[in-house]
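Working notes, beginning with the structure itself.
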Amino acid sequence: MPHSLTELLRHERNFTATASHRLRSPLTGPQLTLESGLDQEDARPALEEALEATRRLHETVEEVLRLSRTAGLRRATPPDRPVRELLARTEERWHGLPARDGRRLRLAVQDVPDDARVPGGPVAEILEVLLDNAYVHERGTVSVTVRDLQDAFALDVTDEGTVDTDGSKSM
C-alpha cells in the first residue's frame, strides 16, 4: 500500500510539472497573436492565426490528458503520422509571428523513406517546444532536419545563435 501511494503521488507530481510546461508554450502564441491583432485595422488574419493556435492548444491538452491516463505506465505511442506531414504542419505553424519577425524556417529530411511514420502527438509536441525555444531565445533561421538512424529517427533543431568559448550559448 505505501508503495502504491508513493507511486501515485510521484505520478501526480510528474503530471503537474509536465502539464504546466506543455500548456504554457501553446498559450503564449494565441496571446501574442491577439495582442498584435489589436493593432491591426483588419484583424481577420490575426484572429485566424489565433484560432489555429487554439486548435493546437486543444491537441496539446488532449495529449497531456492521454499521458495522464497512463498512470505512470509507459506505453509506446504507435507511429501514426507521416514524417513529411509532420514537417508540413510545422511549416504551416511557423508562418505566424516568427515569419512576421523575419525568422525563417528551413526543413530537411536525410535518407528518410517517403512512407516513414512517427508517433504524431508526442513528436509534434517536442518539436513545438524546441521551435518555441528557438524563436524566443535565439535568432535567425531555424533549421529542422529529420535523419534516418535505421532503428529510429533523429530530429535536429538548430538556430543561428553562437556558443561562446566558455561554453555558454549567446544570442
Side-chain angles (χ1 to χ4, degrees), residues 18-37 40 42-70 74-161 169 171:
T18 299
S20 175
H21 177 73
R22 290 180 75 178
L23 293 175
R24 278 192 196 117
S25 292
L27 282 172
T28 303
Q31 290 171 335
L32 292 172
T33 301
L34 291 170
E35 288 172 4
S36 72
Q40 298 177 14
D42 179 17
R44 185 168 181 80
L47 296 175
E48 287 174 347
E49 186 176 326
L51 180 60
E52 181 57 32
T54 60
R55 288 182 180 132
R56 287 192 309 271
L57 178 58
H58 178 79
E59 290 174 7
T60 299
V61 170
E62 290 299 317
E63 181 66 15
V64 168
L65 292 175
R66 185 193 66 76
L67 290 172
S68 74
R69 288 190 291 268
T70 64
R74 303 274 184 223
R75 281 189 247 164
T77 303
D80 59 352
R81 186 168 305 157
V83 169
R84 294 176 197 287
E85 178 186 317
L86 176 75
L87 293 178
R89 291 174 100 183
T90 299
E91 187 172 35
E92 289 171 9
R93 286 194 301 272
W94 188 265
H95 286 297
L97 290 173
R100 280 199 298 273
D101 288 346
R103 304 286 301 277
R104 292 184 1 168
L105 178 65
R106 183 178 304 130
L107 302 170
V109 292
Q110 291 180 353
D111 303 320
V112 175
D114 288 338
D115 62 346
R117 293 177 169 271
V118 293
V123 174
E125 288 299 318
I126 291 166
L127 185 55
E128 188 74 24
V129 168
L130 293 172
L131 287 174
D132 182 62
N133 286 341
Y135 172 63
V136 171
H137 301 292
E138 300 301 335
R139 62 181 173 79
T141 299
V142 176
S143 298
V144 176
T145 304
V146 180
R147 297 180 290 122
D148 189 353
L149 302 177
Q150 303 306 318
D151 60 345
F153 295 104
L155 188 66
D156 303 323
V157 178
T158 60
D159 54 57
E160 293 181 338
K169 191 158 186 159
M171 294 189 283

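For reference, positions follow the sequence shown, starting with 1. What you see is a predicted model; the values in this text were computed from it and never measured. What you see below is based on every heavy atom in this structure, not just the backbone, and it leaves out hydrogens, waters and symmetry mates.
- Listed here is the closest heavy atom pair of E160 and G140: OE1-CA, 3.1 Å.
- To the nearest 0.5 Å, atoms CG (L130) and CG (D159) are separated by 10.5 Å.
- By the salt bridge (charged side-chain N to carboxylate O under 4.0 Å, His left out) test, R84 is found to be paired with D114, residues two or more places apart in sequence or in another chain being considered.
- The CG atom of D111 sits 10.0 Å away from the CZ atom of R147 when rounded to the nearest 0.5 Å.
- Although no hydrogens or angles enter the test, the distance criterion places no donor-acceptor pair under 3.5 Å between the side chain of R106 and the main chain of T141.
- Under the side chain to side chain contact (heavy atoms under 4.5 Å, CB included) criterion, R81 pairs with E85, L86, R89, A124, sequence neighbours left out.
- Interatomic distance, OG1 of T90 versus CG of L127, reported as 4.0 Å (0.5 Å rounding).
- Listed by chain and residue number, nothing satisfies the side chain to side chain donor-acceptor pair (under 3.5 Å) test with D148 (two or more places apart in sequence, or in another chain).
- The distance from the OG atom of S143 to the CG atom of L105 is 7.5 Å, given to the nearest 0.5 Å.
- Closest of all the heavy-atom pairs between D80 and G120 is OD1-N, 2.7 Å.
- Counting only heavy atoms from C-beta outward, the side chains of V112 and F153 approach each other to under 4.5 Å.
- Side chains of V157 and N133 form no contact here, defined as non-hydrogen atoms less than 4.5 Å apart.
- Pairing each heavy atom of A108 with each of L87, the nearest pair is O-CD1, 4.2 Å.
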